[in-house]
There are 2 protein chains.
Amino acid sequence: MKAERNTIIPLNADDTIGHLADLFRLMGDPTRLRIVLTCLDEPISVGEIAMRLDSSPSLVSHHLRLLKAARVLRSERRGKQIFYSALDEHIRCVIDDMVAHIGEPLDIEDAD
Amino acid sequence: MKAERNTIIPLNADDTIGHLADLFRLMGDPTRLRIVLTCLDEPISVGEIAMRLDSSPSLVSHHLRLLKAARVLRSERRGKQIFYSALDEHIRCVIDDMVAHIGEPLDIEDAD
DNA sequence: CCAACATTTCAACAACTATTCAATTGTCTG
DNA sequence: CAGACAATTGAATAGTTGTTGAAATGTTGG
């Protein structure tokens with residue numbers, strides 16, 4: 001299931017759009033985006049995320065709660081630590097597509 | 001061409017992540033997301049966007065400015081009106097991927 | 001040039017949100 | 001059980017941002 005050129009989203013379905021916007025907004029914070037990227041490779045504990053991002057466990061935990069509630073990440077306890085990882089592969093696709101968008105070499109024709 | 005499972009993003013490249021987050025944050029507002037979706041199909045004037053979304057031209061214009069600055073949309077003047085459309089197809093892919101993520105019916109495969 | 005239309009800009013307010021620090025809960029070990 | 005470690009929670013603050021209405025800019029046609 002990849003992105004095709006058939007975005008058929010019922011524009012009157014406010015629920016879907018609202019849900020979509022919620023997810024995009026979650027990825028729209030640099031700290032949260034770094035957290036997601038850190039969790040993409042392998043399950044990682046809260047402490048190590050905080051360590052890698054040079055942030056506080058409290059802040060990381062706050063963001064993790066939101067990302068988990070939105071089903072972007074999932075959590076799994078291992079002893080004293082709790083490991084977070086991506087819930088599925090879609091987020092990776094979304095990010096890759098967005099990276100591709102950035103990579104688009106400024107196709108400037110004649111903008112008015 | 002499409003999203004593969006090889007998100008190779010240099011985590012120390014704050015510029016890239018910041019740019020990514022900016023784009024996600026732009027898509028994270030329901031009004032702005034609706035505007036983007038409206039512009040995906042064909043070039044459309046500011047007035048008609050406002051009409052379809054039942055919003056004010058002022059508000060729409062405000063969002064269009066941000067979306068254009070972020071190279072999500074492009075503008076083209078035709079007489080008195082200015083038509084906006086998607087700058088490339090990547091945004092459509094991003095949205096489709098995100099829709100796929102939402103549609104994922106809690107697919108707990110080999111979750112331990 | 002003037003009037004009508006389309007869009008943009010400006011200022012200002014209300015609402016939201018990321019961050020911090022302290023306190024709490026949960027878990028393992030000695 | 002007590003202590004240390006790990007993570008969460010709560011409240012409070014500072015900064016950001018979406019929205020609004022009025023004014024201004026730009027464009028076309030009479």
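Each chain gets a letter, A, B and so on, in the order its sequence line appears, and its residues count up from 1. Reckoned from all heavy atoms, side chains included, excluding hydrogens, waters and symmetry mates. Every value quoted in this text rests on a predicted model; they were computed, and no experiment measured them.
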* Asked: What about Ser56(A): does its side chain form a donor-acceptor pair under 3.5 Å with the base of dT19(C)?
  -> no

* Asked: Looking across every strand, which nucleic acid part, if any, lies under 4.0 Å from Ser45(B) by heavy atom: base, sugar-phosphate, or nothing?
  -> sugar-phosphate

* Rounding to a whole Å, what distance do you find between Glu76(A):CD and dA7(D):C1'? -> 15 Å

* Atom CZ of Phe24(B) and atom P of dT17(D): how far apart are they, to the nearest Å? -> 17 Å

* To do: Could you check how far CD of Glu48(B) sits from P of dC5(C), rounded to whole Å?
  => 18 Å

* **Separation of dT8(C) P from Leu66(B) CG (nearest whole Å)** => 12 Å

* Which listed nucleotide (dT7(C), dT8(D), dA18(C)) is nearest to the side chain of Asp29(A)? -> dA18(C)

* Look at the side-chain N and O atoms of Arg65(B) and state whether any lies under 4.0 Å from the OP1 or OP2 oxygen of dT8(C). => no

* Fit a plane to each ring of Phe24(B) and Phe24(A), take the angle between them on a 0 to 90° scale, and name the class: parallel (under 30°), tilted (30 to 60°) or perpendicular (over 60°). => parallel

* Using whole Å, report how far CZ of Arg78(A) lies from P of dC28(C). => 14 Å

* To do: Have a look at Arg25(A) and say if it touches a base, only the backbone sugar-phosphate, or nothing, with a 4.0 Å heavy-atom cut-off.
  => sugar-phosphate

* Compare the minimum distances between each of dT7(C), dT19(D), dT9(D) and the side chain of Gln81(B), then state the nucleotide with the smallest one. => dT7(C)

* **Selected nucleotide, minimal atom distance to Arg77(A) side chain, candidates dG26(D), dG10(D), dG26(C)** => dG26(C)

* Measure from CG on Leu26(A) to C1' on dA18(C) and round the result to the nearest Å. => 13 Å

* Structure fact -> Winner on side-chain proximity to Leu59(A), out of dA6(C), dT19(C), dT8(D), is dT19(C)

* Asked: Within the pair His63(B) and dT19(D), is there a side-chain N or O less than 4.0 Å away from OP1 or OP2?
  -> yes

* Say you draw a straight line from CZ of Arg92(B) to CG of Asp97(A); how long is it, rounded to the nearest 0.5 Å? -> 12.5 Å

* **Touch class at under 4.0 angstrom, heavy-atom based, for Ser58(A) against every strand present** => base

* Between Leu64(B) and Lys80(B), which has a closest nucleotide on DNA chain C that is more 5'? -> Lys80(B)

* How many angstroms lie between atom CG of Leu37(B) and atom CD1 of Ile17(A), to the nearest 0.5 angstrom? -> 5.5 Å

* Can you tell me how far the CZ atom of Arg52(B) sits from the CD1 atom of Ile35(B), to the nearest 0.5 Å? -> 12.5 Å

* Asked: Any side-chain N or O of Tyr84(B) less than 4.0 Å from the OP1 or OP2 oxygen of dA6(C)?
  -> no

* Asked: Rounded to whole angstroms, how far apart are CD1 on Ile82(B) and P on dT27(D)?
  -> 8 Å

* Structure fact -> When rounded to whole Å, the CZ to C1' distance for the pair Phe83(B) and dT7(C) reads 13 Å

* So if you build clusters from Ile, Leu, Val, Met, Phe, Trp, Tyr with side-chain heavy-atom gaps below 4.5 Å, do Ile91(B) and Ile102(A) land together? -> yes

